[in-house]
Amino acid sequence: MSENAEIRYQGQSWEFPVVVGTENEKGIDIQKLRDRTGLVTLDNGYQNTGSTKSAITFIDGDKGILRYRGYPIEELAQKATFPETAYLLIYGELPTAEQLRIFRQRLTENSMIHEDMLHFLTGMPPSAHPMGILSSMVNALALFYPRFYVEDMDAATFDQMAVSLISKVRTIAAFSYKKSIGEPFVYPRADKTYCANFLNMMFDSHAKPYSEDPLFIEALNALLIVHADHEQNCSTSTVRLVGSSYANLYASICAGICALWGPLHGGANQKAMETLSMIQKNGWTAEQVIAKAKDKKDLFLLHGFGHRVYKSYDPRAKVLKNLVERVFSTKNIQDPLLNIALELEQLALKDEYFIERKLYPNVDFYSGILYRAMGIPEDMFTVMFAIGRMPGWIAHWKEMHDEGNLKIGRPRQIYTGPTVRSFVPKEERV
Ligand code: CMC
């Protein structure tokens, strides 16, 4: 039975339909609110605004649930590969063995980047942040592979662009690292899986050939899967907003990468690790750090804690914490930063400030510890997030265009500036 919600204002009342999702989430459809009442809604930071219906990812932030197309994240992280998770997100179903074989084959065929793009890459300053390089290079893909007019795009062209982005982002990321350390690029290889290929491009060198480590490959696979989608987060909403103007997929995803870079979003993984290092360097106690995080006059923020949607333990952080424990114990790794992180978590979870605000570790708290164990440097952490998020961005861009009733994203505002006034010549201004 359909439901309505009533809005009353200045003695009048109007009914608006309530939209119900498959998990019984409910939202008032206010698309006609302004036409009928003259009012808009005001929601700073979109804290309570549903920008779309979506069938890709479900989150229950109170219960700590995350599912891609219905599959729990814990199960996918344990049993799936990143390419099959990417396929699931983009096309809606897990691939059959044959579909997966073809998808993997296409990832391999599309792993190289146009050689001319290397001039572009080598021209960037050695100090450039890898996220700046990544966003620029992804935007540049549109110049080298210009099959992007959305209006003309058929399914085959989209498939080609999707597979190309998922594959090339990994090559670009590894090349940008090699450039930063002044080593020659290591090209992708057809005989390696998605994750092994990336680690080989990062760490193989003339002086020390890379030898595959199955546990690190498994850990990287799980890391990419837990980052693969997170419904209407800041970067995905950016991809949708940019894509809603019919901007091409590369441009839309370039914008998403820029949004992800921020320290309140994906950039938090680098910040969280820098914070742990800073704590170690300054010899701060966990109590001092928690006190700093609570002090409103102190600009210090405990990155890797808190979330807009999760008001309980982030399920991705749970997966990663278990993975850290397994990798560290199996390989007998000792990292003092892990001990600091564990101590901070323990203290924060008992602290009234954190309890009241429902602040728990998020995905960025433990991911850096794992990357560090694999030898991935701090300034590459957010790039790792971007490699993982690529299928999610692509899936949302596709869902938005497939829906058929695409509306350009264009929020309203409540204007608070001066009312009309006449121009004053400069001689008369005071
Ligand atoms: N340390 C200390 N206090 C915090 C923290 C934190 N990490 N996060 C939130 N708070 C406080 C905040 O000051 C506010 O307190 P008060 O009510 O007294 O003003 C309250 O908790 C609510 O926080 P908010 O910033 O209003 O919540 P939000 O939903 O707008 O922001 C957030 C969510 C993730 C931006 C925020 O929790 C934060 O800045 N966390 C640190 C950065 C971080 O780890 N980001 C990664 C998020 S997960 C990966 C991703 O999806 O991008």
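Everything quoted here is computed from the prediction, not taken from an experiment. Just so you know, ligand 1 is whichever comes first in the structure, and atom 1 is the first atom listed for that ligand.
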Polar atom proximity, Phe385 to ligand 1 (N or O, under 3.5 Å): no
Would you say atom 16 (P) of ligand 1 has a protein heavy atom nearer than 4.0 Å? yes
Residue that, paired with His396, satisfies side-chain contact (heavy atoms from CB on, under 4.5 Å) out of Thr236, Val239, Asn233, Leu89: Thr236
Run the numbers for me: atoms of ligand 1, each under 4.0 Å from some heavy atom of Gly266, listed by number. 52 (O)
Per-atom contacts of ligand 1 with Ala293, taking only distances under 4.0 Å to non-hydrogen atoms: 2 (C)
Is there at least one pair of N or O atoms, one from His265 and one from ligand 1, spaced under 3.5 Å apart? yes
Using a 4.0 Å heavy-atom threshold (strictly under), name the region of Leu359 that reaches ligand 1: side chain, backbone, both or neither. side chain
Decide whether an N or O pair under 3.5 Å exists between Phe354 and ligand 1. no
Give the contacting part of Phe365 toward ligand 1: side chain, backbone, both or neither, where contact means a heavy-atom distance below 4.0 Å. neither
Is Phe300 atom CZ crowded by more than 12 heavy atoms from other residues, nucleotides or ligands, each under 6.0 Å away? yes
Do Phe82 and Tyr87 have ring centroids that are under 6.0 Å from one another? no
Under 4.0 Å from atom 20 (C) of ligand 1, is there any protein heavy atom? yes
Numbering as shown, the atoms of ligand 1 that approach His303 to under 4.0 Å (heavy-atom distance): 42 (C), 44 (O)
Quick check on contacts: which atoms of ligand 1 are under 4.0 angstrom from a heavy atom of Val363? 49 (C)
Does Leu301 have a heavy atom less than 4.0 Å from any atom of ligand 1? yes
State the atoms of ligand 1, each with its element, that fall below the 4.0 Å cut-off from a heavy-atom position in Gly304. 43 (C), 44 (O)
Classify the contact between Asp314 and ligand 1 as side chain, backbone, both or neither, using a heavy-atom distance cut-off of under 4.0 Å. neither
Shortest non-hydrogen contact between Ser244 and Gly409, atoms and distance: OG-N, 2.7 Å
Could you name the option among Phe305, Phe300, Tyr360 that has the heavy atom nearest to atom 41 (C) of ligand 1? Phe305
What do you think, any protein heavy atom under 4.0 angstrom from atom 45 (N) of ligand 1? yes
Is it true that, when you exclude Tyr9 itself, more than 12 heavy atoms of the residues, nucleotides or ligands shown sit nearer than 6.0 Å to its OH? no
Does CD1 in Ile181 sit with more than 12 non-hydrogen atoms of other residues, nucleotides or ligands closer than 6.0 Å? yes
Test of proximity, Asp364 against ligand 1: N or O pairs below 3.5 Å: no
Numbering as shown, the atoms of ligand 1 that approach Ala268 to under 4.0 Å (heavy-atom distance): 43 (C), 44 (O), 45 (N), 46 (C)
Going by distance only, is there an N or O of His230 that falls short of 3.5 Å from an N or O of ligand 1? no
Compute whether any side-chain donor of one residue and acceptor of the other, for Asp29 and Gln31, lie under 3.5 angstrom apart. yes
With a 3.5 Å distance limit and no angle check, can you tell me whether Asp402 reaches the backbone of Gly404 through a side-chain donor-acceptor pair? no
Should Asn362 be counted as touching ligand 1, given the test is an N or O pair under 3.5 Å? yes
For atom 18 (O) of ligand 1, tell me which residue out of Arg357, Gln47, Arg316 has the closest non-hydrogen atom. Arg357
Other residues, nucleotides, ligands: >12 heavy atoms within 6.0 Å of Arg308 CZ: yes
For atom 24 (P) of ligand 1, state whether the nearest protein heavy atom is under 4.0 Å away. no
Salt bridge check: are Arg67 and Glu74 linked by an N-O gap of less than 4.0 Å? no
N/O separation below 3.5 Å, Lys296 to ligand 1: yes
Is the distance between the ring centroids of Phe305 and Tyr360 less than 6.0 Å? no
protein heavy-atom neighbour closest to atom 28 (P) of ligand 1 works out as Arg308 NE, 3.6 Å
So, the side chain of Thr171 versus the backbone of Met112: is there a donor-acceptor pair under 3.5 Å, distance only? no
How about Tyr246 and His401: are their ring centres within less than 6.0 Å of each other? yes
Protein non-hydrogen atoms only, distance under 4.0 Å: does atom 6 (C) of ligand 1 have such a neighbour? yes
Show the atoms of ligand 1 that are less than 4.0 angstrom away from any heavy atom in Leu264. 39 (O), 43 (C), 45 (N), 46 (C), 47 (C)
Under 6.0 Å from the CG atom of Asn48, do we count more than 12 heavy atoms belonging to anything else shown? no
What residue and heavy atom of the protein are closest to atom 3 (N) of ligand 1, and at what distance? Tyr353 OH, 2.9 Å
Do the rings of Tyr310 and His230 sit parallel, tilted or perpendicular, given the 30° and 60° boundaries? tilted
Just wondering, are more than 12 heavy atoms of other shown residues or ligands nearer than 6.0 Å to CD in Glu23? yes
